[in-house]
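Treat the numbers as computed from the prediction; the structure is a model and nothing was measured. Basis for what follows: all heavy atoms, side chains included, without hydrogens, waters or symmetry-related copies.
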Amino acid sequence: MLARLLCLASFIAVADCMTGRPNIIIMLMDDMGWGDVGVNGNWARETPNIDKMAAEGMLFMDFYTANPLCSPSRAALMTGRLPIRNGFYSTNAHARNAYTPQTIVGGIHEYEELLPKLLKQADYKSKIIGKWHLGHRQQFLPCNRGFDEFFGSGNCHFGPYNDIKTPNMPVYKNDKMVGRYWTNFTINKASGESNISQIFLQEGLSFIEKQHQEANPFFLYWTPDATHGPNYASPMFHGKSIRGIYGDAVMEMDYCVGKILEKLKELGIDKNTFVFFTSDNGAATYRGASGGDNGPFLCGKETTYEGGMREPGVAWWPGSIPAGTITHQLGNIMDLFTTSLTLAGVKPPQDRIIDGIDLSPILLDQTAPLIDRPIWYYRGNEMMAVRVGAYKAHYWMWTQFGKDPLKFTFCRGQYIQNVTVHDQINNTDQPILFNVNRDPGEKYIIGPKSKEYKTAMAIIDPIVKAHKEALEPGVPSLNYCDVSVQNWAPPGCEELNYCLPVPQSNPKLCVWDH
């Protein structure tokens, strides 16, 4: 630890000070809320391993995603860039959340530099296990975008489908399909029983063992989707949680986290492995009791209120990250890109704006000052809000379409006058301001005539102005849909005799209604 602190103090690159490059594991959950883990106050006692991970590492109280929906969030993690920059958004309508359903034509742009490809500069071997969601057509799949190995799907596990109007989602091993969800990788629709998470776990453990045996530094991107609806859990967890099938899935995710950390300790590489646990967006409150828990925060997935974008965040690296530490550093999923490169001794791309910051000073030095940086809340092509320090200013507000304030789904059971609004409200001339340190639920608007408001906005407004003036939006990837690009005939389907007839192409503008 002392050597690392001396390195930081002398401004030597972090990686140059370390004995070897640390392995890197990013555990990205799907639709898991900030309040779903015990260390953040959940009452159901479903996450003893994640809680232990926090006790042995660092808990981020203010960790955010880059978008309140899965695909743009994942694109931000892989590129270190806001979705508005990397193209994972749509201009088909104002401030609409867009993602990568089977019908999407686009995917992550070829010119974007992804984390696994950059880590190859330091000889890292990489694998993604679980949900990709950055484009399911062949040119967008992980092994064509820098990963050495892939086990999982380009899409979520939606279904079951009849393979006539809509094909079931393929599951890949590297660059070839090895089956489809529901038909080959089964999920009991009635009960939610499935062994898929256990398969994902074993894939992860095997990869870790193999890279250790071959003395390779490795990057494991472990991204299961059991906590995304329709939820599923294996028989050993099914029916165990008092929160139902969603809680069962959380319990199984926690078990898998524990097994991965246990394997690192067993192999004696825990002190040379940086692990980060988080989620892609807030819990899906619109699923009611089948969704997750966003703790004290307002609304959930799809929205730019705190419940949609503040996530659980736990960093673990025994011997390097001090155990039992809590930080209020504003962190973002994009920071995992920059921090991982720093730890590996690789420079981020210099020819583009990288939004993620290097968190290694915070991780490795308890005395380091907090890094002053904004958190941007984008919904599609619109900057909805920004957080600077304790203050969050909403320049636009919107929950979803509809007129009945008692029937919110993205903000189920929550109604705050002039805040949880059904129509898009432009507050640019006089942003709605909250202090989210003392008011995490965004309930108490700071009066625009108050000294507090004027002082905070005098700091925030110039930051927003500079951001917008410098912003060069990427070409939108999520504008066009076409039934012919669905997973009818994925690579490898011939070997399984499971290719389906491809319908005639009929590209249209995608309709995003959320």
Side-chain angles (χ1 to χ4, degrees), residues 26 28 65-67 69-93 96-121 126 128 131-148 150 152-155 172 175 219 221 223 280 332-338 340-341 346-356 376 378-383 467 470-482 484-487 490-491 505 507-510 512:
I26 296 176
L28 185 69
T65 184
N67 189 272
L69 194 60
C70 43
S71 297
S73 168
R74 293 159 191 264
L77 191 164
M78 285 289 104
T79 63
R81 286 153 56 81
L82 287 164
I84 193 70
R85 296 194 208 275
N86 65 38
F88 249 62
Y89 70 101
S90 174
T91 55
N92 291 356
R96 300 299 169 83
N97 290 316
Y99 66 110
T100 54
Q102 280 203 74
T103 54
I104 199 72
V105 172
I108 192 70
H109 286 305
E110 183 179 356
Y111 56 75
E112 288 295 329
E113 297 277 2
L114 272 57
L115 180 57
K117 181 180 178 181
L118 292 167
L119 287 173
K120 287 182 184 296
Q121 297 176 27
S126 60
I128 171 176
K131 176 178 169 180
W132 172 235
H133 232 211
L134 298 189
H136 61 273
R137 301 172 71 192
Q138 187 170 2
Q139 66 268 35
F140 303 124
L141 290 174
C143 290
N144 292 323
R145 296 312 318 269
F147 279 97
D148 296 305
F150 174 34
S153 181
N155 305 89
Y172 287 88
D175 57 357
F219 168 45
Y221 181 36
T223 174
D280 61 349
N332 192 287
I333 201 168
M334 297 180 291
D335 303 342
L336 300 180
F337 172 91
T338 309
S340 295
L341 292 177
V346 177
K347 285 186 177 181
Q350 302 297 300
D351 62 346
R352 64 201 66 196
I353 293 176
I354 300 296
D355 296 291
W376 303 104
Y378 269 85
R379 185 167 176 163
N381 59 349
E382 185 60 72
M383 189 213 81
H467 171 73
L471 180 66
E472 295 182 10
V475 177
S477 297
L478 308 180
N479 277 353
Y480 286 93
C481 290
D482 188 341
S484 72
V485 304
Q486 294 185 96
N487 292 291
S505 177
K508 298 179 180 179
L509 288 175
C510 306
W512 305 115

Answer whether the closest heavy-atom distance between the side chains of V485 and R137 falls below 4.5 Å.
-> yes
Donor + acceptor pair across side chains of N381, T91 (<3.5 Å) = no
Flag for H109-S477: side-chain donor and acceptor within less than 3.5 Å = yes
Give a yes-or-no answer on whether the side chains of T223 and R74 include a donor-acceptor pair shorter than 3.5 Å.
-> yes
Residue pair P83 / N67: nearest heavy atoms and the distance that separates them | CG-CB, 4.2 Å
List in chain and number order the residues that pass disulfide bond (SG atoms under 2.5 Å apart) with C143, two or more places apart in sequence or in another chain; answer none if no residue qualifies.
-> none
Near Q121 CD, under 6.0 Å, is it more than 12 heavy atoms from other residues, nucleotides or ligands?
-> yes
Might you point out which heavy atoms bring A75 and F88 nearest each other, and give the distance in Å?
-> CB-CG, 3.6 Å
So with a 6.0 Å cut-off around NZ of K120, is the heavy-atom count from everything else above 12?
-> yes
Would you check if there is a donor-acceptor pair between the side chains of Q139 and N144 at a distance under 3.5 Å?
-> no
Return the minimal non-hydrogen interatomic distance between M78 and F219, and the atom names on each side.
-> CE-CZ, 4.2 Å
For R145, which of L114, L134, L115 qualifies under side-chain contact (heavy atoms from CB on, under 4.5 Å)?
-> L114
Nearest heavy-atom neighbours spanning G107 and F140 | N-CZ, 3.4 Å
Using distance alone, with no hydrogens and no angle criterion, decide if T65 and D280 have a side-chain donor and acceptor under 3.5 Å apart.
-> no
Does some side-chain heavy atom of I108 sit less than 4.5 Å from a side-chain heavy atom of T79?
-> yes
